[in-house]
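Below, read A as the first sequence line, B as the second, and so on, with proteins coming before strands; counting in each chain starts at 1. Hydrogens, waters and symmetry mates are skipped; everything else that's a heavy atom, side chains included, is used. This one's a predicted model, so the numbers in the text were calculated from it and none came from an experiment.
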Amino acid sequence: MASGAEDRVDPIHQFAITEIVDLGTIGGIDFAFTNSALFMVVTVVLISGFMIAASSSGTLVPSRFQSLAEVAYEFVANMLRDSAGTDGMRFFPFVFSLFMFILVANMLGMFPYFFTVTSHIVVTAALALVVITLVIVYGFYRNGIGFLGLFVPKGVPSFLMPLVVAIEVLSFLSRPISLSVRLFANMLAGHITLKVFASFILMMGAWGVAGWFGAIIPFFMTVALTALEFLVAFLQAYVFAILTCMYLNDALHPSH
Amino acid sequence: MAAQDGNSDKAASASDAALARRLERLSRDLESEKKERSEAEARPKTDNAGYGLAFRLASEFVAGVIVGAAIGWGLDRMAGTSPWGLIGFLLLGFCAGVVNVIRASGGMASSANAEDGQGGERSE
């Protein structure tokens with residue numbers, strides 16, 4: 001049926017950035033409103049609209065929207081309280097926005113033909129840098145020079161100290177990288193895998209009736225992978241948020 | 001009539017006591033059921049967290065090595081000490097990756113600290 005160039009599906013094509021509105025160049029750098037920016041705006045509008053609609057008519061017995069918003073609030077608040085203590089609740093707006101943005105962006109990416117914002121390392125790296133900058137700035141603001149105590153574990157013999165401090169600093173510097181790469185790699189790999197397995201269906205279909213029967217196997221794989229991807233989309237937002245909480249905990253209480 | 005009233009009063013107080021007992025039992029049942037349900041909910045959560053943890057351990061380790069290699073390479077570029085910066089910082093990055101993994105796997109941090117403390121005392 002499908003033959004030639006048609007069944008050669010390009011699994012990377014879904015991540016292409018296209019310009020929607022060109023905003024000209026500022027200082028030699030091209031600025032444009034891209035499909036990525038469009039989906040970020042859609043994500044933010046969806047979250048804001050949902051939260052406003054859910055909280056505008058607050059009732060004691062919550063409506064469906066309101067209880068969903070309450071579940072989201074409770075989930076993030078418990079996560080933050082468990083890992084950073086009640087002190088950490090001052091970062092609740094930050095962590096909640098971060099979690100909701102990543103979660104909704106991941107979930108929007110699960111729609112066919114939609115663009116996945118978090119599958120680009122530029123976006124995830126920017127998010128991770130915001131987190132780590134906040135940790136460093138707030139850590140020094142609150143603890144002063146004592147924040148550096150984070151890099152000096154207790155009970156280490158003095159001749160090992162330079163080595164241990166170097167390792168601790170490297171370990172700290174690796175945080176934004178692991179944070180951003182994990183989210184980006186999960187979304188990218190997941191979407192490519194989905195696309196590849198879906199294209200197997202077309203390829204096997206090209207072999208005629210026997211091929212269409214054989215295509216049942218990749219079809220079920222695609223269905224299973226879709227379910228897995230929904231799990232991953234939630235899980236990665238959760239992991240990103242909980243690691244943010246743990247790093248904020250380091251800024252609040254720098255001693256090991 | 002009067003006798004019947006007395007009887008019904010007695011019956012009412014008896015049924016009050018029975019009601020109180022039943023209420024108490026109900027609240028106890030609810031409590032235990034709530035506990036069971038929260039335990040049941042906690043179980044699948046740890047399963048999901050297991051997948052997240054597995055991916056986290058891998059990425060933590062790789063990130064440590066990448067940061068070490070990047071810093072070493074950068075130092076070599078600036079100071080012209082190639083290849084010693086890369087070698088030294090790659091090894092340090094490897095150590096940092098292992099430290100990350102140990103820390104991310106959780107629970108080991110406290111025991112490792114305690115061991116470190118003992119080691120320090122012994123060496124002193």
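Atom CZ of B/Arg77 sits in a sparse spot, with 12 or fewer heavy atoms from other residues, nucleotides or ligands closer than 6.0 Å. At most 12 non-hydrogen atoms from other residues, nucleotides or ligands lie less than 6.0 angstrom from CE of A/Met246. More than 12 heavy atoms of other shown residues, nucleotides or ligands fall within 6.0 angstrom of atom CZ in A/Arg90. Within 6.0 Å of the CZ atom in B/Phe94, the count of heavy atoms belonging to other residues, nucleotides or ligands does not exceed 12.
Applying the side-chain hydrogen bond (donor to acceptor under 3.5 Å, both in side chains) test to pairs two or more places apart or on separate chains, those with a residue in residues 240-250 of chain A are A/Arg175-A/Asp250. Among residues at least two apart or in separate chains, ring-ring contact (aromatic ring centres under 6.0 Å, His included) pairs with a member in residues 169-200 of chain A are A/Phe151-A/Phe172, A/Phe197-A/Phe200.
A distance of 10.0 Å separates CG in A/Leu163 from CG in B/Leu91, rounded to the nearest 0.5 Å. Annotation: the span from A/Leu179 atom CG to B/Glu60 atom CD amounts to 8.5 Å, rounded to 0.5 Å.
For a residue to count as touching a neighbouring chain, one of its non-hydrogen atoms must lie under 4.5 Å from one of that chain's; by this rule A/Leu160 does not touch chain B.
When all heavy atoms of A/Leu170 and B/Ala96 are compared, the pair lying nearest together is CB-CB, 3.7 Å.
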Q) side chain to side chain contact (heavy atoms under 4.5 Å, CB included) between A/Ser178 and B/Arg56: does it pass, once the steps are laid out? A) CA-CA 8 Å; A/Ser178 67; B/Arg56 201 188 142 197; over 6 Å; no
Q: Apply the test side chain to side chain contact (heavy atoms under 4.5 Å, CB included) to residues B/Ile71 and A/Leu173: give CA-CA distance (whole Å), side-chain angles for both, the deciding distance (0.1 Å), then the verdict.
A: CA-CA 10 Å; B/Ile71 291 179; A/Leu173 288 177; 3.6 Å; yes
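Side-chain contact check for B/Cys95 versus A/Ile167: some heavy-atom pair is nearer than 4.5 Å.
Checked against A/Ser174 for a side chain to side chain contact (heavy atoms under 4.5 Å, CB included), the options B/Asn100, B/Val62, B/Val99 give a single hit: B/Asn100.
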